[in-house]
Peer 1: 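Attaching a single structure in structure tokens format; questions to follow.
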Protein chains: 2
Amino acid sequence: MSRGTKRRSYHHGNLRRALIDAALELVSENGPHGFSMREAARRAGVSSGAPYKHFPDRDALMRAISAEGEQRLLAAMDEEMARAGTEPTARFRAMGIAYVKFAVANPSYFRVMTMPEYLDAEQETTIQGQEDAVHAIISSAQASGAMTADDPRVVSLAAHCLVYGLARLFIDGHLARDGIGPQQAEAVATAVTGVFGRGLVPRKPDQ
Amino acid sequence: MSRGTKRRSYHHGNLRRALIDAALELVSENGPHGFSMREAARRAGVSSGAPYKHFPDRDALMRAISAEGEQRLLAAMDEEMARAGTEPTARFRAMGIAYVKFAVANPSYFRVMTMPEYLDAEQETTIQGQEDAVHAIISSAQASGAMTADDPRVVSLAAHCLVYGLARLFIDGHLARDGIGPQQAEAVATAVTGVFGRGLVPRKPDQ
DNA sequence: ACCTGAACACCGTTCAAGT
DNA sequence: ACCTGAACACCGTTCAAGT
């Protein structure tokens, strides 16, 4: 058996996995731009042609990363929602905060996942399913009187924009400039979703 | 003088401009991925080494596009804000809607502008200035009682997230799937900013 | 069944040479 | 001052050949 560290040959092991891991490493070091098929192969200790036994082309490897990230994101959101209990607005907010936390904790996955060129049909149906789940939560919150009766599609869209935009601003370093680091992701997401929930127009009785 | 169409030589003309235009064309045809220095040179009718007299490297050309797009975005927002009058919340909302409209109308500029690797220091100070202007509007709206007294930084951040996220969803085709096209950009931006202004938590007296 | 390594057409970038 | 075109080191992808 392999003693301790990695073997220099994957004839027997899992080259597919090793290539994905190497690609994630390269993305985290130099951005999506800095990944190449040949360098990933080199890091996996394999010749330049070998990856093509596992992925038809460069884009397919990226799509595999994108799909894997998507699964992890969904799992993370499910977990946080379970922790949030059964009240729909609490679940809704927990989902948004979990989204931002995932992005900040997994920037390489997030950057690849959010490149439109790496979304395949299979993943689009996963996303569609997730959107349906969001609509169900919104409807349920509205039915119980805990949420305004705005068009659920608009509410869902606005919420999606909000958390996606926040995640991007974190990942792209636009908040680091203002001294906001990854450790504050949860606090910032909580503040931003709070403002979104209460609205900007003052409430008459509270004035 | 040049009769009608483009000359095949830029010895005399403006190669810098021609390269930027060719690059924008390539981005709009194949995405940022599909742009290459050599192909831009080819389209400008010039040899592979010529671009390097005008741009030190590929990234510099992209940064030039990014900066140019930024200027156009600021101009578009200023125009719409002037049209919106003097009431701060109306100006604030007009700015957000103008942002989304610009992105949808200029996807190539927007895609390049939003790649963090193509932001230079100069552009960051422009962005900083814009952020300060946003804070001024928010303070003014709060002072007149037309906006809640939330932390202006959080309000500004949430608004930024919202419009950036919406622009991205448009550009990346996530709304086309739901049958929402570019012509609906203004209507959708109006709906989304409306929900954001009113909030999701129901208002007691209106219930 | 899986990997090697040469091959081809590309790309970014440099640089001596031309006008 | 600006452009050419060969050169070099890279990259994606293919494919005959090896095990």
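It should be emphasised that the depicted structure is a prediction, and the values quoted were computed from it without experimental measurement. Letters A, B, ... are given to chains in the order of the sequence lines, protein chains preceding strands, and every chain is numbered from 1.
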Peer 1: Scan every strand shown for a Watson-Crick or G-U wobble partner of C:dA1, both distances under 3.5 Å, and answer none if you come up empty.
Peer 2: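 Across all strands, the one nucleotide that pairs with C:dA1 is D:dT19.
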Peer 1: With no hydrogens and no angle check, just 3.5 Å: does a side-chain donor-acceptor pair link B:S66 and B:E68?
Peer 2: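 Side-chain D/A pair, B:S66 to B:E68: absent.
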Peer 1: Whole angstrom is fine here: how far is it from NE2 in A:H54 over to C1' in D:dT13?
Peer 2: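 So the NE2-C1' distance, A:H54 to D:dT13, works out to 16 Å.
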Peer 1: Under the 3.5 angstrom rule, does the side chain of B:R93 hit a backbone N or O of B:T190 as a donor-acceptor pair?
Peer 2: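 Yes, because the side chain of B:R93 sits within donor-acceptor range (under 3.5 Å) of the backbone of B:T190.
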Peer 1: In whole Å, what is the span from the CZ atom of B:F55 to the P atom of D:dC3?
Peer 2: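 Rounding to the nearest Å, CZ of B:F55 and P of D:dC3 are 12 Å apart.
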Peer 1: Please give, in whole Å, the distance from D:dC2 P to B:R17 CZ?
Peer 2: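 These atoms are roughly 17 Å apart.
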Peer 1: Quick one: A:N14 CG to C:dC3 C1', roughly how many Å, whole number?
Peer 2: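 A:N14 atom CG is separated from C:dC3 atom C1' by 15 Å.
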Peer 1: Are the charged groups of A:D21 and A:R17 less than 4.0 angstrom apart, N to O?
Peer 2: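 Yes.
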Peer 1: C:dC15 C1' sits how many Å from B:Y52 OH, rounded?
Peer 2: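 One finds 13 Å between C1' of C:dC15 and OH of B:Y52, rounded.
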Peer 1: Hey, does B:R38 reach any base, or is it just sugar-phosphate, or nothing, if we go heavy atoms under 4.0 Å?
Peer 2: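 Base contact.
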Peer 1: Decide salt bridge (charged side-chain N to carboxylate O under 4.0 Å, His left out) for A:E80 and A:R91; before the verdict, give the C-alpha distance in whole Å, the side-chain angles of both, and the deciding distance to 0.1 Å.
Peer 2: CA-CA 8 Å; A:E80 293 265 0; A:R91 288 171 67 79; over 6 Å; no
Peer 1: Look at the side-chain N and O atoms of B:R42 and state whether any lies under 4.0 Å from the OP1 or OP2 oxygen of D:dG5.
Peer 2: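 It does not, given that no N or O in the side chain of B:R42 lies less than 4.0 Å from OP1 or OP2 of D:dG5.
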Peer 1: So what's C:dA6 paired with, Watson-Crick or G-U wobble, going by both distances under 3.5 Å?
Peer 2: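 The base-pairing partner of C:dA6, which may sit in any strand shown, is D:dT14.
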Peer 1: For A:M37 and A:K53, find the nucleotide of DNA chain D closest to each by heavy atoms; which residue's nucleotide sits nearer the 5' end?
Peer 2: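 Comparing both residues, the 5'-ward one is A:M37.
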Peer 1: Taking CG from B:L15 and C1' from D:dT4, how many angstroms apart are they, rounded to a whole number?
Peer 2: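 Atom CG in B:L15 sits about 13 Å away from atom C1' in D:dT4.
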Peer 1: Is the backbone N or O of A:T148 less than 3.5 Å from a side-chain atom of A:Q142, with the two atoms forming a donor-acceptor pair by type?
Peer 2: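 A pair under 3.5 Å: yes.
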Peer 1: In whole angstroms, how far is the C1' atom of D:dC10 from the CZ atom of A:F35?
Peer 2: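 It is 15 Å, rounded to the nearest whole Å.
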Peer 1: Can you tell which of D:dT4, C:dG5, C:dT13 lies closest to the side chain of B:S48?
Peer 2: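 Looking only at heavy atoms from C-beta outward on B:S48, the closest nucleotide is C:dT13.
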Peer 1: For C:dC11, does OP1 or OP2 lie under 4.0 Å from any side-chain N or O of B:S36?
Peer 2: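 The answer is yes; a side-chain N or O of B:S36 sits under 4.0 Å from OP1 or OP2.
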Peer 1: If you look at every strand shown and take non-hydrogen atoms under 4.0 Å, does B:R16 touch a base, only sugar-phosphate, or nothing?
Peer 2: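 Contact class for B:R16: none.
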Peer 1: Provide, to the nearest angstrom, the distance between the CD atom belonging to A:E39 and the P atom belonging to D:dG12.
Peer 2: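 The distance from CD of A:E39 to P of D:dG12 comes to 10 Å, rounded to the nearest Å.
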